[in-house]
Amino acid sequence: MKIDDIPLNLDFTLCCGQVFRWDKKGDWWYGVVDGKAIKVRQVSNEFEFANANEKFVENYFGLDDDLHEIRTSIGKDEHMRKALQELWGLRIIRQEPWECLISYICATYKNIQAIKHMVLNLSTKFGEKTQLDGMKFSTFPKPKKLANAKVKDLMDCGLGYRGKYVQNTAKQIFENNFKLESLRKTPYKQAKKEICNFAGVGPKVADCVLLFSLGKTEAFPVDRWIKRVILNHYLEKLPSDLAQKLMNKQGLSNSDYAKLNAFGRNYFGKYAGYAQEYLYHYERMNT
DNA sequence: TTCCAGGGAGTAT
DNA sequence: ATACTCCATGGA
């Protein structure tokens with residue numbers, strides 16, 4: 001399909017650490033989505049894909065989000081505008097909520113490489129086999145599969161102590177037939193509260209799930225990198241006592257998380273999540 | 001060897 | 001409510 005007026009950069013979008021199931025081979029990106037392997041690439045103004053229909057791909061890559069409007073909305077300062085300029089075309093993907101939830105439970109206290117490894121292991125061990133272009137892939141396992149898995153087997157996927165969180169959350173969802181999708185129409189704060197009831201889910205993981213899979217573009221996840229961004233570029237916009245506190249200790253207490261989260265949401269507005277992802281990737285690229 | 005990674009739960013104040 | 005401490009694992 002032609003995307004002349006639709007900014008999109010697949011490399012930024014698929015490399016920025018929001019999604020863990022994509023790998024580039026040649027100029028094609030291969031991923032496992034919607035229960036099957038698909039591939040996408042860009043050639044000049046053409047956005048090409050295979051093994052998926054146009055409607056699905058448009059929605060998955062959020063091509064109906066107006067990036068120009070978003071840039072106007074969040075481009076509040078020089079640093080943010082620089083990140084927008086440098087990473088123009090980065091989009092927030094609309095992941096499947098279930099896979100997103102488990103992925104970000106795994107993501108706590110781990111780097112992106114390790115997270116990809118864990119999600120791949122879970123899929124290989126518990127998912128269903130499929131293939132594309134002669135290559136083998138595995139789908140992400142259903143809630144029932146992980147709910148019935150042995151914690152030991154989950155831990156052996158590299159999850160470590162997260163194994164029991166993943167199993168408990170899978171049980172909560174499977175046994176209650178919980179529909180994460182239903183939270184899409186629940187207001188941000190209420191939806192966040194409900195997601196925090198799952199095992200291994202705190203405010204940061206909840207914000208990631210809301211932003212990356214439930215359409216809450218106002219969510220503003222604060223991890224170690226975003227804290228660093230704020231300390232390096234937005235320190236003067238915080239109350240001085242809070243700024244002092246943040247500089248003097250590592251990690252982030254629950255109340256301090258809430259303060260930085262509120263800062264991001266208030267400062268950047270309804271597309272704070274886009275601001276977060278541009279700032280996150282920009283900081284990582286320049287470190 | 002030591003350190004750190006897209007934090008959260010458990011426990012003690 | 002807030003602060004402190006573990007937590008499994010793997011790569012650098």
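Quick note on labels: first sequence line is chain A, next is B, and so on, each numbered from 1.
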Got a list of side-chain donor-acceptor pairs under 3.5 Å for residues 98-107 of chain A, not counting sequence neighbours?
unit_1: Trp98(A); atom_1: NE1; unit_2: Pro141(A); atom_2: O; d: 2.8
unit_1: Ser103(A); atom_1: OG; unit_2: Glu99(A); atom_2: O; d: 2.7
unit_1: Tyr104(A); atom_1: OH; unit_2: Gly17(A); atom_2: O; d: 3.3
unit_1: Tyr104(A); atom_1: OH; unit_2: Gln18(A); atom_2: O; d: 2.8

Please tabulate, for side-chain N and O atoms in residues 43-50 of chain A, each donor-acceptor pair with protein atoms closer than 3.5 Å (sequence neighbours left out).
unit_1: Asn45(A); atom_1: ND2; unit_2: Asp4(A); atom_2: OD1; d: 2.9
unit_1: Glu46(A); atom_1: OE2; unit_2: Lys2(A); atom_2: NZ; d: 2.9
unit_1: Glu48(A); atom_1: OE1; unit_2: Arg41(A); atom_2: NE; d: 2.8
unit_1: Glu48(A); atom_1: OE1; unit_2: Arg41(A); atom_2: NH2; d: 3.1

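A residue-by-residue look at Cys196(A) and Ile112(A) shows that Ile112(A) has its nearest nucleotide of DNA chain B further toward the 5' end.
Between Trp225(A) and His281(A), the gap from one ring centroid to the other reaches at least 6.0 Å.
Between the CG atom of Asn254(A) and the C1' atom of dT11(B) there is a distance of 15 Å, given to the nearest Å.
Near DNA chain B, defined here as any heavy-atom distance below 4.0 Å, the residues from residues 10-23 of chain A are Cys16(A), Gly17(A), Gln18(A), listed numerically. Residues from residues 116-127 of chain A that place a heavy atom under 4.0 Å from any atom of DNA chain C: there are none. Across residues 224-232 of chain A, Arg224(A), Trp225(A), Ile226(A), Arg228(A) each have a non-hydrogen atom less than 4.0 Å from an atom of DNA chain B (numbered order).
Between the side-chain ring of Tyr161(A) and the base of dA8(C), no stacking contact exists by the 5.5 Å and 30° definition.
Residue His79(A) places its NE2 atom among more than 12 non-hydrogen atoms of other residues, nucleotides or ligands, all under 6.0 Å distant. Surrounding NZ of Lys145(A) are at most 12 heavy atoms belonging to other residues, nucleotides or ligands under 6.0 Å away.
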Watson-Crick or G-U pairs under 3.5 Å in DNA chain B, rendered as dot-bracket with [ ] for crossing pairs and | for another strand: .||||.|||||||
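Relative orientation of the Tyr30(A) and Phe137(A) rings is parallel, given thresholds of 30° and 60° on the angle between their planes. Ring geometry, Trp22(A) versus Tyr60(A): the interplanar angle falls from 30° to 60°, so the pair is classed tilted.
The side-chain heavy atoms of Asn51(A) and Lys39(A), taken from C-beta on, include no pair separated by under 4.5 Å.
Under the 3.5 Å distance criterion, the side-chain polar atoms of Gln167(A) are matched with a main-chain donor or acceptor of Ala149(A).
If you take atom C1' in dA9(B) and the same atom in dG10(C), they sit 22 Å apart, rounded to whole Å.
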